[in-house]
Colleague: 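Got a structure for you, written out below as structure tokens; questions coming shortly.
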Amino acid sequence: MTQQAPVLVFDSGVGGITVAREVRRLMPELPLVYAADDAAFPYGAWDGDALARHCVATVTDLVRLHRPRAVVIACNTASTLVLPPLRQALDIPVVGTVPAIKPAAERTRSGLVSVLATPGTVSRDYTFDLIRRFAPDVAITLVGSKRLAALAEDKLAGRVPDMQALAAEAAACFVSRDDRRTDVVVLACTHFPFLADELAAIAPWPVEWLDPAPAIARRLRDVIAAATPGGSDPAMPGMADTVVATSGADLSRFLRLLQAEPA
């Protein structure tokens, strides 16, 4: 690895671009390799142990090929499983993406928060531990969606999302209790921010849709600064971003999304 090495951003599909574009906004000179594990998409239906082994092997191979300075696992489902073994396997920093339960608990006024995620994420001990540690006095509703990630991929492919299906997937997020209503919904899958407009349109009342991507970008910036002598930015001007797919598909059309301002 050289000082001009890129950062590897890894996800099951193209949803992690919501994280990569925040990294780009915060560190515009930082070269990125975005890796979509589309050959294994979606992760939500995988057995946990099998997914952990698969992700560790796949990311290790990508690190060997691209020699990044750091890795961002831009996937909640994978992060709840693979961070400890991946950090043990690699000698570079690994930044994960986990449900933003702590900031949600700090922001809610009603005390009713929902976590919208894949079935895998809402069933993990990691998620339950975050709730016990950071939101013991908040009523958390866990909503596992099987279809939203695919609907986001549809939108990015130029297809109109099925609004009826989207509404059905998100309906359980909206809870009324006495005179209180859900006021924060954690988007605990990096695909979901691409559906922010559609989710807002089907919401029965306004809520804050909490996207963890800005916090992940700030964490990566801090990790790079800590690992860089003198704290300077070692990025090499002119080094191009890259998008790769484990299926071998050409995903270069998604490079434009790295330059998009977050919604």
Side-chain angles (χ1 to χ4, degrees), residues 1-2 4-43 54-79 82-83 86 90 92-97 118 149-150 152-158 187 189-195 211-221 223-224 233-263:
M1 184 180 70
T2 68
Q4 291 76 33
V7 164
L8 174 69
V9 181
F10 177 83
D11 184 33
S12 61
V14 296
I17 287 177
T18 59
V19 174
R21 68 184 182 182
E22 280 291 342
V23 172
R24 166 61 63 249
R25 184 188 64 79
L26 192 63
M27 294 172 281
E29 297 301 322
L30 180 68
L32 300 176
V33 175
Y34 185 85
D37 190 16
D38 59 336
F41 180 84
Y43 280 175
H54 167 79
C55 287
V56 170
T58 302
V59 173
T60 301
D61 287 345
L62 288 165
V63 167
R64 189 176 300 115
L65 178 62
H66 296 284
R67 300 186 64 79
R69 75 182 77 169
V71 173
V72 177
I73 303 300
C75 174
N76 286 266
T77 300
S79 293
V82 306
L83 294 181
L86 198 54
L90 300 177
I92 57 175
V94 178
V95 175
T97 304
T118 64
E153 296 264 337
D154 284 345
K155 180 179 179 179
L156 291 174
L187 297 177
C189 172
T190 54
H191 280 76
F192 296 174
F194 281 122
L195 296 170
D211 179 3
I216 299 163
R218 291 192 296 270
R219 174 60 181 160
L220 176 65
R221 178 192 58 190
V223 164
I224 290 175
D233 182 0
M236 182 170 65
M239 191 171 185
D241 294 331
T242 305
V243 179
V244 299
T246 56
S247 69
D250 180 6
L251 298 183
S252 58
R253 67 189 183 279
F254 293 111
L255 280 169
R256 62 180 175 78
L257 295 175
L258 294 181
Q259 305 302 327
E261 284 296 324

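In this chain, numbering begins with 1 at the start of the sequence shown. Given the structure is predicted, the values throughout are model-derived calculations rather than measurements.
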Colleague: Report the residues that fulfil side chain to side chain donor-acceptor pair (under 3.5 Å) with S252, sequence neighbours left out, ordered by chain and then residue number.
Modeller: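 If we apply the side chain to side chain donor-acceptor pair (under 3.5 Å) test to S252, skipping adjacent residues, the hits are D250.
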
Colleague: Do R64 and D61 have side-chain heavy atoms sitting under 4.5 Å apart?
Modeller: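 Yes, their side chains come closer than 4.5 Å.
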
Colleague: Using side-chain contact (heavy atoms from CB on, under 4.5 Å) as the criterion, list what pairs up with A35, not counting sequence neighbours.
Modeller: L8, F10, L62, V244

Colleague: The criterion is side-chain contact (heavy atoms from CB on, under 4.5 Å); which residues satisfy it with D38, sequence neighbours excluded?
Modeller: A245, T246, S247, A249

Colleague: Could you check if a side-chain atom of P6 sits within less than 4.5 angstrom of a side-chain atom of L30, using non-hydrogen atoms only?
Modeller: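 They are not in side-chain contact.
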
Colleague: Which residues pass the side chain to side chain donor-acceptor pair (under 3.5 Å) test with S79, sequence neighbours left out?
Modeller: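 Partners of S79 by the side chain to side chain donor-acceptor pair (under 3.5 Å) criterion come out as none, since no residue qualifies.
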
Colleague: Taking the side chain from D37 and the backbone from D11, do they hold a donor-acceptor pair closer than 3.5 Å?
Modeller: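 Between the backbone of D11 and the side chain of D37 there is no qualifying donor-acceptor contact (under 3.5 Å).
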
Colleague: From H66 NE2 over to T242 OG1, what is the distance, rounded to the nearest 0.5 angstrom?
Modeller: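 Answer for the NE2-OG1 pair, H66 versus T242, is 7.0 Å.
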
Colleague: Under a 3.5 Å distance rule, please check whether T97 uses its side chain to pair with a backbone N or O of N76 as donor and acceptor.
Modeller: no

Colleague: Measure the CD-OG1 distance between E22 and T18 for me, rounded to the nearest 0.5 Å.
Modeller: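 So the CD of E22 and the OG1 of T18 are separated by 8.5 Å.
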
Colleague: So do L86 and V59 actually touch side chain to side chain, heavy atoms under 4.5 Å?
Modeller: yes

Colleague: Apply side-chain contact (heavy atoms from CB on, under 4.5 Å) to P42 and list each qualifying residue two or more places apart in sequence or on a separate chain.
Modeller: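 Partners of P42 by the side-chain contact (heavy atoms from CB on, under 4.5 Å) criterion come out as none, since no residue qualifies.
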
Colleague: Mind checking side-chain contact (heavy atoms from CB on, under 4.5 Å) for S12 and listing every partner two or more places apart, or none if nothing turns up?
Modeller: F41, Y43, H191

Colleague: Does a side-chain heavy-atom distance below 4.5 Å link V72 with V7?
Modeller: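 When only atoms from C-beta onward are counted, V7 and V72 do touch, with a gap below 4.5 Å.
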
Colleague: Can you confirm whether L220 sits close enough to V19 that some side-chain heavy atom of one is under 4.5 Å from a side-chain heavy atom of the other?
Modeller: no

